[in-house]
Amino acid sequence: MSSTYARFDTVFLLSRFAGAKYSPLWPSSSSSSSSHSSLLSSGTHLRAKPNSRLRSVTAASSGPIIAGSESIEIKSLPTKPIEGQKTGTSGLRKKVKVFMQDNYLANWIQALFNSLPLEDYKDATLVLGGDGRYFNKEASQIIIKIAAGNGVGKILVGQFINLKRNTCREGILSTPAVSAVIRKRKANGGFIMSASHNPGGPEYDWGIKFNYSSGQPAPESITDKIYGNTLSISEIKVAEIPDIDLSHVGVTKYGNFSVEVIDPVSDYLELMEDVFDFDLIRGLLSRSDFGFMFDAMHAVTGAYAKPIFVDNLGAKPDSISNGVPLEDFGHGHPDPNLTYAKDLVDVMYRDDGPDFGAASDGDGDRNMVLGNKFFVTPSDSVAIIAANAQEAIPYFRAGPKGLARSMPTSGALDRVAEKLKLPFFEVPTGWKFFGNLMDAGKLSICGEESFGTGSDHIREKDGIWAVLAWLSILAHRNKDKKPGEKLVSVADVVNEYWATYGRNFFSRYDYEECESEGANKMIEYLRDIVAKSKAGENYGNYVLQFADDFSYTDPVDGSVASKQGVRFVFTDGSRIIFRLSGTGSAGATVRIYIEQFEPDVSKHDVDAQIALKPLIGSFLSCIVCIKAEGVYREGEAHCHYMREKNYSVSHGPYERRVGFLTSVLSAMFLFEISRAMNCLSM
């Protein structure tokens with residue numbers, strides 16, 4: 001990668017896609033396209049009764065009635081608890097082969113219904129969608145049959161057809177669209193089948209989560225109940241109906257239960273038209289001197305990109321890259337960052353590259369924004385959107401109600417809230433923590449450093465919304481520019497923001513698929529350091545203001561979330577944070593965040609790693625000893641040195657500074673906490 005990327009803030013990623021041993025699959029799991037009527041229990045087949053009479057039914061509906069029957073039979077299938085079904089910050093994520101084990105998914109779905117009040121699902125409408133990844137098709141049938149077995153009245157399911165390839169993605173709805181459909185159609189909740197930005201395919205990841213009636217992810221009070229019920233579950237209630245045809249828009253009825261297949265785009269597009277000035281954006285995208293590129297990464301936003309950006313906003317058809325949703329994301333990793341969206345990065349960093357580029361992730365809730373040869377960090381992005389929202393986006397014409405960020409996200413948004421005199425909230429990682437604030441009318445715009453940005457138009461982060469927000473800002477700034485005049489660029493907008501608010505230099509280091517026991521020991525050791533730390537202690541040239549393990553009390557319902565990340569905060573606003581993440585599908589992910597505020601405009605063009613070098617060096621010399629060793633093998637034990645994947649592709653002094661050993665038998669990790677504590681392994 002070119003060193004031209006080096007001036008921007010950085011996120012480092014260490015990742016491993018290693019094979020693993022899994023329990024045997026059920027007999028019918030060899031083909032993803034095969035019928036899975038026998039997935040729930042060995043020897044038990046979910047099929048229509050031989051004497052069920054299918055007939056045409058006439059009813060009020062947004063789609064044609066396909067088929068129906070007079071009644072359905074509900075069966076109680078015996079099952080046993082399965083370990084490891086505790087949800088993370090965004091649902092339950094595991095390898096596909098884990099979910100394909102007998103009753104693994106079915107147990108979790110039934111445990112969910114066992115955790116909800118009867119009025120939340122009995123005869124109610126629920127939404128079912130996902131990112132189109134491998135196993136969604138089979139999982140849709142399992143979820144539908146268990147929902148019917150528990151008395152749900154109606155399921156709304158998304159579907160996408162690609163006419164050019166003559167393919168159909170069943171059960172497809174982006175995460176933001178699921179939230180939008182729940183809210184518009186007043187559904188009681190919805191299932192989202194996705195492992196978000198994690199890779200898809202038979203050897204990779206799958207996930208499931210449940211969103212409530214306002215479209216927000218289920219709160220911890222519910223996810224804790226679900227986990228508790230997975231530990232004691234003994235039966236699964238299943239409707240004996242055949243697999244539902246999800247390839248055609250319309251309604252299928254069985255007794256009082258129905259499944260309606262809907263267009264995945266229409267409700268979401270209507271909402272975007274209410275939020276943004278499409279005429280204003282269309283004026284920008286139709287300019288001959290403005291270049292636009294959107295990379296859907298062969299993920300769910302491929303179903304939305306052409307209808308929104310091309311058909312409605314006038315972008316050129318070839319401005320959409322990787323626009324066909326695929327089960328394995330085209331063998332790619334659908335994480336919109338400078339590492340995995342390399343195709344887009346290469347285009348944007350050409351001398352003749354587009355003026356604006358963006359990418360979204362697997363389920364469409366994350367985003368990356370780029371200008372020509374310019375990367376906008378997620379922390380800066382949400383702050384810049386908030387600073388410009390009132391003048392550029394009609395939805396915020398009266399001004400935002402409040403702003404919020406996740407704790408690890410840089411403090412850029414804090415300064416916008418202070419300048420605009422808006423309420424500000426710092427919450428734990430997880431979009432569900434924003435939902436209560438939104439429902440209480442306290443919050444309008446929020447974001448996370450992990451490429452998530454959104455507002456109270458729905459209750460999820462929203463990748464396409466963020467792209468449209470940026471296009472709105474650029475369109476507003478350039479609306480009076482005549483042909484031939486220099487346009488206000490992404491870099492101009494960011495530099496103007498830094499000149500006004502200062503720059504927060506920021507980096508994140510990820511260590512994925514670490515052994516959970518070791519990761520927990522490391523965090524406990526850091527908590528011990530925190531307990532002994534005192535304000536005023538020196539870390540090189542930095543003076544400690546406080547150190548803690550972040551805890552959050554919800555101002556709406558009083559609920560408390562503790563142990564959300566170990567923080568070392570210094571008197572100049574610099575921060576170093578250690579946190580365990582719950583978004584991976586295997587093991588633990590350790591994240592380290594480094595941040596330093598710089599008010600001096602003359603220093604804003606410094607590469608992030610150079611700017612952060614004194615802070616990192618001072619802290620590491622006191623707390624952490626970095627290890628970076630080569631590959632070796634010794635009998636059955638084998639270790640791999642894994643270089644970081646660097647989001648800004650910075651080739652500064654820290655490229656290879658952080659690496660780590662992985663070992664099957666020996667328990668080594670990338671670093672030793674001070675006093676030589678080796679405690680984290682993979």
Side-chain angles (χ1 to χ4, degrees), residues 5-11 276 280-281 284 290 338 348 355-358 367-393 396 399-400 402-406 409-422 424 426 444-449 451-455 465-479 481 486-507 572-575 595-608 611-612 647-648:
Y5 307 155
R7 69 185 296 269
F8 309 116
D9 299 55
T10 309
V11 182
F276 298 102
L280 179 68
I281 300 173
L284 177 69
F290 184 83
L338 294 171
M348 294 302 300
D355 299 277
F356 180 84
N367 73 94
M368 176 178 68
V369 171
L370 297 164
N372 183 246
K373 297 184 180 179
F374 200 99
F375 167 61
V376 184
T377 71
S379 296
D380 280 345
S381 180
V382 65
I384 291 167
I385 290 172
N388 290 274
Q390 187 168 7
E391 64 178 10
I393 302 173
F396 301 109
L403 307 177
R405 62 166 173 82
S406 64
T409 303
S410 91
L413 190 62
D414 311 36
R415 292 175 174 83
V416 176
E418 182 180 6
K419 183 177 178 65
L420 299 182
K421 295 180 171 54
L422 293 173
F424 173 77
E426 182 181 39
S444 291
I445 298 173
C446 52
E448 298 179 332
E449 50 72 35
F451 294 86
T453 320
S455 84
W465 175 91
V467 175
L468 292 172
W470 265 95
L471 288 173
S472 296
I473 293 169
L474 293 172
H476 178 76
R477 295 292 186 90
N478 290 293
K479 63 182 179 180
K481 296 287 185 179
K486 184 182 183 300
L487 297 179
V488 176
S489 68
V490 170
D492 292 333
V493 172
V494 176
N495 283 315
E496 179 185 307
Y497 166 82
W498 287 342
T500 303
Y501 294 93
R503 180 177 179 182
N504 289 75
F505 288 100
F506 182 88
S507 288
D572 67 344
S574 300
R575 300 189 304 163
E595 177 188 2
Q596 181 168 305
F597 177 66
E598 180 54 70
D600 187 344
V601 175
S602 68
K603 298 179 181 179
H604 287 169
D605 283 340
V606 175
D607 171 70
L612 293 170
Y647 283 2
S648 75

Query - Non-neighbouring partners of Glu496 that pass side-chain hydrogen bond (donor to acceptor under 3.5 Å, both in side chains), sequence neighbours left out - result: Arg477
Query - Which residues share a side chain to side chain contact (heavy atoms under 4.5 Å, CB included) with Lys481, sequence neighbours left out - result: Arg287, Asn478, Glu485, Leu487, Val488
**Report entry** Beyond-backbone contact of Phe506 with Thr377, side-chain heavy atoms, under 4.5 angstrom
**Finding:** no
Query raised in the report: Considering residues at least two apart in sequence or located in another chain, which fulfil the salt bridge (charged side-chain N to carboxylate O under 4.0 Å, His left out) criterion with Asp572?
Result: none
**Report entry** Non-neighbouring partners of Tyr501 that pass ring pair (Phe, Tyr, Trp, His ring centres under 6.0 Å), sequence neighbours left out
**Finding:** Tyr497
Query raised in the report: Does CD belonging to Glu391 count more than 12 external heavy atoms closer than 6.0 Å?
Result: yes
Report summary line: Those residues at least two apart in sequence (or on a different chain) that pass side-chain hydrogen bond (donor to acceptor under 3.5 Å, both in side chains) with Asp414 are Arg405
Requested in this report: Decide yes or no on side chain to side chain donor-acceptor pair (under 3.5 Å) for Ser489 and Asn372, but give the supporting numbers first.
Outcome: CA-CA 8 Å; Ser489 68; Asn372 183 246; over 6 Å; no
Requested in this report: Would you please name every residue forming a side-chain hydrogen bond (donor to acceptor under 3.5 Å, both in side chains) with Ser472, sequence neighbours left out?
Outcome: none
Query raised in the report: Taking only residues two or more places apart in sequence or in another chain, which ones pass salt bridge (charged side-chain N to carboxylate O under 4.0 Å, His left out) with Arg575?
Result: Glu426, Glu595
Query raised in the report: With sequence neighbours left out, what residues match Lys421 under salt bridge (charged side-chain N to carboxylate O under 4.0 Å, His left out)?
Result: none
Query raised in the report: Looking at residues at least two apart in the chain, or sitting in another chain, which of them share a side-chain hydrogen bond (donor to acceptor under 3.5 Å, both in side chains) with Ser455?
Result: His457
Report summary line: In terms of heavy-atom contacts, Val601 and Ala499 come closest through CG2-CA, 4.1 Å
